[in-house]
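Attaching a single structure in structure tokens format; questions to follow.
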Amino acid sequence: DVTYTITIVGSFSGCSNLQSITIPDSATTINSSIYSSTTGAGVTDSLGAFENCTNLQSINIPSGIQSIATGSFSGCTGITTMTVASENTKYYSAGNAIITKADKTLVAGCKNTVIPNNVIRIGDRAFRKISNLTSITIPTSVKTLGSSAFAFSGLTSVSVPSGVTSIASNAFACCTSLGSISVDSANTKYKGQGNAIIEKSTNKLIVGCKNTVIPSDVKEIGSYAFQGHPITSVTIPASTTIINPYAFLSCSNLTSVTFE
């Protein structure tokens, strides 16, 4: 007999019939697979280990796991509970989310996640493709919203709290149901106006949605600001002098652009 010790959990992506899985204690890494994407600006992309395992109902991270690749559970719309073994030295679970102990980064969430009040960063792809996530409360402890943190989710509204000082340009990309965006008035970095997130110091619009009306004082529209949002028309104010690459990427419903 041959005994195998599993240390790396590879790709189960797209295994839509997978309902449960036991990750052995010997495993140290949940990995991702790299591929070259010809969509979304032709950049190198990756598939999470369990990406689009839509019938996976729960996940338990054993004590040995020390590395979880970003987006490992993207598109896992069936997951309702996320737990981590108490002996794990790198991660812990709270509010049905997986969080790093050292820097309080939420690396993976699900449709039932309640973000704990001590989380500092929403990690890259943490809620990506969780299409049945329709609402979330971001606590005031959060300072950073990572790349694609909520991309392709089912969020209908977003309220950015006062403590957030960094928002990735594609944090809410392709959120087709997103129609309302606001920012706490006490936030020193960003403001909410016209259903958009705008950087105060530069008047740069960094995140928009299907109901955005670009304010008349916006000077710049950021990359990926409207990526994948179902806007049908847009009016660019006279104040806007810069439209960055991919600002309107994958806006397939956009039929009218007016420059004032």
Which pairs of donor and acceptor atoms, one on a side chain in residues 161-174, lie under 3.5 Å apart (sequence neighbours left out)?
from, atom 1, to, atom 2, distance (Å)
N170, OD1, S147, OG, 3.3
N170, OD1, S148, N, 3.1
N170, ND2, S147, OG, 3.3
N170, ND2, S148, OG, 3.2

*asked:* Taking salt bridge (charged side-chain N to carboxylate O under 4.0 Å, His left out) as the definition, give me every residue that meets it alongside K191, ordered by chain and number, with sequence neighbours left out.
replied: D217
_Results of side-chain hydrogen bond (donor to acceptor under 3.5 Å, both in side chains) for Q66 - residues two or more places apart only_ = T89
*Least distance between heavy atoms, N195 atom then I181 atom*: OD1-N, 3.2 Å
*asked:* My understanding is that only residues two or more places apart in sequence, or in another chain, count here; which of them pass ring-ring contact (aromatic ring centres under 6.0 Å, His included) with Y190?
replied: none
_Nearest heavy atoms of A108 and F73, plus distance in Å_ = CB-CD1, 3.8 Å
*Closest approach of S223 and P245, non-hydrogen atoms and distance?*
OG-O, 3.0 Å
*asked:* Using a 6.0 Å cut-off, check whether atom NZ of K219 has over 12 heavy atoms from anything other than its own residue.
replied: no
Atom pairs and distances, side-chain donor-acceptor, residues 114-122, under 3.5 Å, sequence neighbours left out:
from, atom 1, to, atom 2, distance (Å)
N118, ND2, Y92, OH, 3.2
R121, NH2, D124, OD1, 3.0

Table please: side-chain donor-acceptor pairs of residues 252-260 below 3.5 Å, with sequence neighbours left out.
from, atom 1, to, atom 2, distance (Å)
T255, OG1, T232, O, 3.3

*asked:* If only side-chain N and O atoms count, and only distance matters, is there a donor-acceptor pair under 3.5 Å linking T29 with N31?
replied: no
*Residues, nucleotides or ligands: over 12 heavy atoms within 6.0 Å of K143 NZ*: no
